[in-house]
Student: 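Take a look at this one; I'll ask things after.
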Protein chains: 2
Amino acid sequence: MSISNGDDAEKAEGPIRQRRRAGEQVRMTDVAARAGVSVMSVSRAIRDPERVSPKIRARVEKAMRETGYVPNALASSLASQRTRIVAAIVPFINASFGDTIRGITDVLHPSGYELLIGETGHSMQVEERLTNAFLSHRVDGLLLTGHSHTQGVRERLRNLKVPVVETWNLTDEPMDQIVGFSNYEAARAMTRYLIGQGRRHIGYLGGITKDNDRATDRERGYIDEMTVADLPCDRSLRSYRKLEFRHGGEGCEELLERHPDIDAIFAASDMLAVGALFRCIKRGIAVPDDIAIAGFDDSDISSAIHPALTTVRVPRYEMGSRAAQMLLQRLDTDEETYGQKVVDLGFEILIRDST
Amino acid sequence: MSISNGDDAEKAEGPIRQRRRAGEQVRMTDVAARAGVSVMSVSRAIRDPERVSPKIRARVEKAMRETGYVPNALASSLASQRTRIVAAIVPFINASFGDTIRGITDVLHPSGYELLIGETGHSMQVEERLTNAFLSHRVDGLLLTGHSHTQGVRERLRNLKVPVVETWNLTDEPMDQIVGFSNYEAARAMTRYLIGQGRRHIGYLGGITKDNDRATDRERGYIDEMTVADLPCDRSLRSYRKLEFRHGGEGCEELLERHPDIDAIFAASDMLAVGALFRCIKRGIAVPDDIAIAGFDDSDISSAIHPALTTVRVPRYEMGSRAAQMLLQRLDTDEETYGQKVVDLGFEILIRDST
DNA sequence: TTCATTTCTGTTAGCGATATCATACGGGCG
DNA sequence: CGCCCGTATGATATCGCTAACAGAAATGAA
């Protein structure tokens, strides 16, 4: 020890700084004192019980129980430079993305990671705000929906070197990694199928394409396939709506009004398709005899209605679980070794009664 | 200073401890150095720009831009003892709770709070796990769904004195505060309405009641009202299902098989009601002539289908926004002053074509 | 027994912010 | 012209934990 009588006295005489402290927060030091061991032993007993002797482990566990100790993840993260938190940003919290989120958490939780969810409402501005907030909280990784993002988001993420996995679509040039299916190819496939069924006047009922690469790609798929088949697909055959039932009905009316002779409607979402289908039924239009209707997503309702909806099954859950796996693989291994940059999980055309 | 030449020398000679540091993380110190001011000025310029002179503010902002500084919320939270994070725990991430979550974030974000979402899958065990994880992250407040929780959760929250607002139901004895509507009264009201319509053999299609006070209360409401009216409502008239369309159909079949003469089905969820309705239509049972069908939730689809569904409108969005407001009121004011413990947002019986 | 290893446990110095107190700076007034 | 006081800025000690290293104890080989 150093000669420090004087110092001790000085300290004792100094102004007593009493800092505000949360209620009755139990600190690791308190647990350590009670267990009669050092804080490091407590820390180790919590994070990696194998590395301390059974004796110490037992005493620490007892002390934790008695004090009602709740570890402080903030302090832990600050010191260890990792939060064990992953953030996911989705356009909307609904059943579809709910499945994806479930896929994510099912993988993250067993590995001790938590998920922070952000909802953009389909706005890239909001996505940027959320990204910044999440980065501020030093999330270990980020899961984004789609591959279109603001320049600001791209730069931030590149500079900070945070692992990112994009989902729900594919592109040759992901920011980092991407897992999903080709919205473009899926839309082409469905359009091709409808044409193959002999349909010629196919209307398109799509989502708002602004800030939404999935909606954009689906529309491109429809247009390209119609063009290849030399069929009309001009702007008047396409209606853009928010993905809610009632807008499906409205969109359907719009198309019918402009083109009373259409013989099929390809909706880029089951919500819209079901809305359109109900509207047809209400107006006495026979589905699929007069008009064929196809959806996109294979949501729960598509197989429950009558006639059952032809649609595209997409790997909602798998995109989440796989994305989380890809992230974890990089977070839990020291190396920057990671597999494919682009993972295609595919899609499936489900032919049912509405076409 | 103390006499410490020796000590200094010793330090200088000591091994150079180089600690692992995240990539090229820019710290507040770096910004301060670049701006030629103290860290405190940077801190103040960020949190409360009014408190520093325009001169300093400008220099700090410039330095932040140039360095691409991203504030470290962990360090900030650790030092300030508040995270500005609120956690919400919901049973399931779907359109319904999506509305509630939207209500929450719409209130939290403008006030600079972030939302951490947890999904229990209707398990109180999972709820407990999530609660502990969130408390570990020192969330400033907690929003729970319903009023039934494990003993462990209750104790933890009481001991740690974290503000809690329960939602989606009412009770005279909330853990802390509660905002919602009476699931019990709503179910009674709907049952009463059906009886008033002349229905006598009313089947009940409900959610799984385990770990779910909302489902339990709705069932109680149905039973009590039927009992008061001296109508049968024994176990054979009740079917419990997960809240998905196809289970609605199955439950409908079950009830019809056991009671071919039922003249109404009250489903405690629109999903189940719609599933049941489609099944009736498929089997050629006229709705509402042969069987009346009522739902619960006023979800999007209930007004889109044909016949439109009679249901209970519940304040999904408002429960979220109001709960968040109640929490913020306590977090942003120093005092422990808060308004009502129990806030009843009410419900509304929406009579449409299915009854 | 003795010394070299290996395994546990403890000490210390941060992690990157904020709270608190101390100090510097101005302007108004006697 | 000097003094007082309110405001702006700075220095420093935490916040509660973990990384890195050091020292102690246990184990094994000679």
Side-chain angles (χ1 to χ4, degrees), chain A residues 1-2 10-11 14-33 35-57 59-60 67 69-84 135-138, chain B residues 7 10-11 14-33 35-57 59-60 64 67 69-84 135-138:
Chain A
M1 282 253 88
S2 58
E10 187 183 308
K11 270 178 198 161
I16 297 155
R17 291 185 168 200
Q18 188 61 55
R19 205 171 172 182
R20 184 168 61 81
R21 266 276 298 295
E24 278 307 301
Q25 179 161 161
V26 179
R27 296 171 333 295
M28 196 179 264
T29 333
D30 304 323
V31 175
V37 301
S38 72
V39 283
M40 272 315 295
S41 291
V42 177
S43 176
R44 283 191 272 253
I46 292 172
R47 287 180 302 158
D48 194 359
E50 302 301 310
R51 293 196 13 158
V52 298
S53 67
K55 204 179 306 173
I56 286 202
R57 200 182 315 157
R59 289 167 62 181
V60 169
T67 52
Y69 173 63
V70 180
N72 187 323
L74 296 173
S76 167
S77 298
L78 182 60
S80 66
Q81 301 280 18
R82 53 201 319 251
T83 53
R84 297 190 84 83
L135 290 176
S136 205
H137 286 287
R138 296 296 188 269
Chain B
D7 284 282
E10 188 182 305
K11 271 178 197 162
I16 297 155
R17 292 184 166 198
Q18 188 60 54
R19 202 165 175 187
R20 182 170 62 79
R21 266 274 298 297
E24 277 307 302
Q25 179 160 161
V26 179
R27 297 174 329 297
M28 196 179 265
T29 334
D30 304 323
V31 176
V37 300
S38 72
V39 283
M40 272 317 295
S41 291
V42 177
S43 176
R44 283 192 271 254
I46 292 172
R47 288 179 304 157
D48 194 359
E50 302 302 309
R51 294 195 12 157
V52 297
S53 66
K55 203 179 308 174
I56 287 202
R57 201 184 312 157
R59 289 166 62 181
V60 169
M64 289 205 297
T67 53
Y69 173 62
V70 180
N72 188 322
L74 296 173
S76 167
S77 298
L78 181 61
S80 66
Q81 302 280 14
R82 55 202 316 250
T83 53
R84 299 189 83 82
L135 290 177
S136 205
H137 286 287
R138 295 298 188 267

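Below, chains carry the letters A, B, ... as their sequence lines are ordered, and counting in each starts from 1. A quick note: this is a predicted structure, and the numbers were derived from the prediction, not measured.
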Student: Any side-chain to backbone donor/acceptor pair from A/R59 onto A/A35? Under 3.5 Å, distance only.
Tutor: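 Such a contact is found between A/R59 side chain and A/A35 backbone.
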
Student: Nearest heavy-atom pair of A/S41 and A/V52: which atoms, and what distance?
Tutor: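 Distance-wise, the nearest heavy atoms are O-CG1, 4.0 Å.
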
Student: Side-chain contact, heavy-atom cut-off 4.5 Å: A/R138 with B/V70?
Tutor: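 Counting from C-beta outward, A/R138 and B/V70 do come under 4.5 Å.
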
Student: Starting at atom CD1 of B/I46, determine the distance to atom P of C/dG16, rounded to an integer number of angstrom.
Tutor: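 In whole Å, C/dG16 P lies 14 Å from B/I46 CD1.
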
Student: Side chain of A/M40 only, please: which of D/dA19, D/dG16, C/dA17 is the nearest?
Tutor: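 My answer, after comparing the listed nucleotides, is D/dA19.
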
Student: How long is the line joining CG of B/L78 and P of C/dA19, in whole Å?
Tutor: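 So the two atoms are 12 Å apart, to the nearest Å.
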
Student: When the distance from CG of A/L74 to P of D/dT18 is rounded to whole Å, what number comes out?
Tutor: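 Answer to the nearest Å: 12 Å.
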
Student: Check whether A/T67 reaches the backbone of A/V31 with its side chain - one donor and one acceptor, N or O, closer than 3.5 Å.
Tutor: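 No.
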
Student: Side chains of A/Q81 and B/Q25: closer than 4.5 Å at any heavy-atom pair?
Tutor: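 SC-SC contact between A/Q81 and B/Q25 confirmed.
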
Student: Quick check on D/dC17: is either OP1 or OP2 less than 4.0 Å from any side-chain nitrogen or oxygen of A/R82?
Tutor: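 No, outside the criterion.
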
Student: Tell me, do A/Y69 and A/V60 make a side-chain contact under 4.5 Å, heavy atoms counted?
Tutor: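 No - every pair of side-chain heavy atoms lies 4.5 Å or more apart.
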
Student: Round to the nearest Å and state the distance from A/R84 atom CZ to D/dC17 atom P.
Tutor: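 After rounding, the gap between these two atoms is 17 Å.
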
Student: Hey, does B/S53 have a side-chain heavy atom less than 4.5 Å from the side chain of B/R57?
Tutor: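 Result no, sub-4.5 Å side-chain heavy-atom pair not found.
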
Student: Looking at D/dG16, D/dA19, D/dC17, which one has an atom nearest to any side-chain atom of B/Q81?
Tutor: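 When the side chain of B/Q81 is considered, D/dG16 is the closest of D/dG16, D/dA19, D/dC17.
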
Student: So, does A/S77 use its side chain to make a donor-acceptor pair with the main chain of A/A73 at under 3.5 Å?
Tutor: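 Yes: the side chain of A/S77 pairs with the backbone of A/A73.
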
Student: Within the side chain of B/S136, is there an N or O that forms a donor-acceptor pair under 3.5 Å with the backbone of A/N72?
Tutor: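 No; judged by distance alone, with no hydrogens or angles, the pair does not exist.
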
Student: What's the NE2-P distance between A/H137 and C/dC15, to the nearest Å?
Tutor: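 The answer, rounded to whole Å, is 21 Å.
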
Student: Tell me the bend of the helix from C/dT1-D/dA30 to C/dG30-D/dC1 as the angle between end helix axes, each from five pairs, rounded to the nearest 10 degrees.
Tutor: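 One end's axis against the other's: 40°.
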
Student: Identify the pairs formed between an N or O of the protein and an N or O of nucleotides 5-9 of chain D at a distance under 3.5 Å, and give each distance.
Tutor:
| residue | atom | partner | partner atom | Å |
| --- | --- | --- | --- | --- |
| D/dT9 | OP1 | B/S53 | OG | 2.6 |
| D/dT9 | OP2 | B/S53 | N | 2.9 |

Student: Of all the choices, C/dA17, C/dC15, D/dC17, which nucleotide is nearest to the side chain of B/A75 once you look at every atom?
Tutor: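 From the listed options, C/dA17 comes nearest.
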
Student: B/R27 has an atom CZ; how far is it from atom C1' of C/dC15, in whole Å?
Tutor: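 From B/R27 CZ to C/dC15 C1': 10 Å.
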
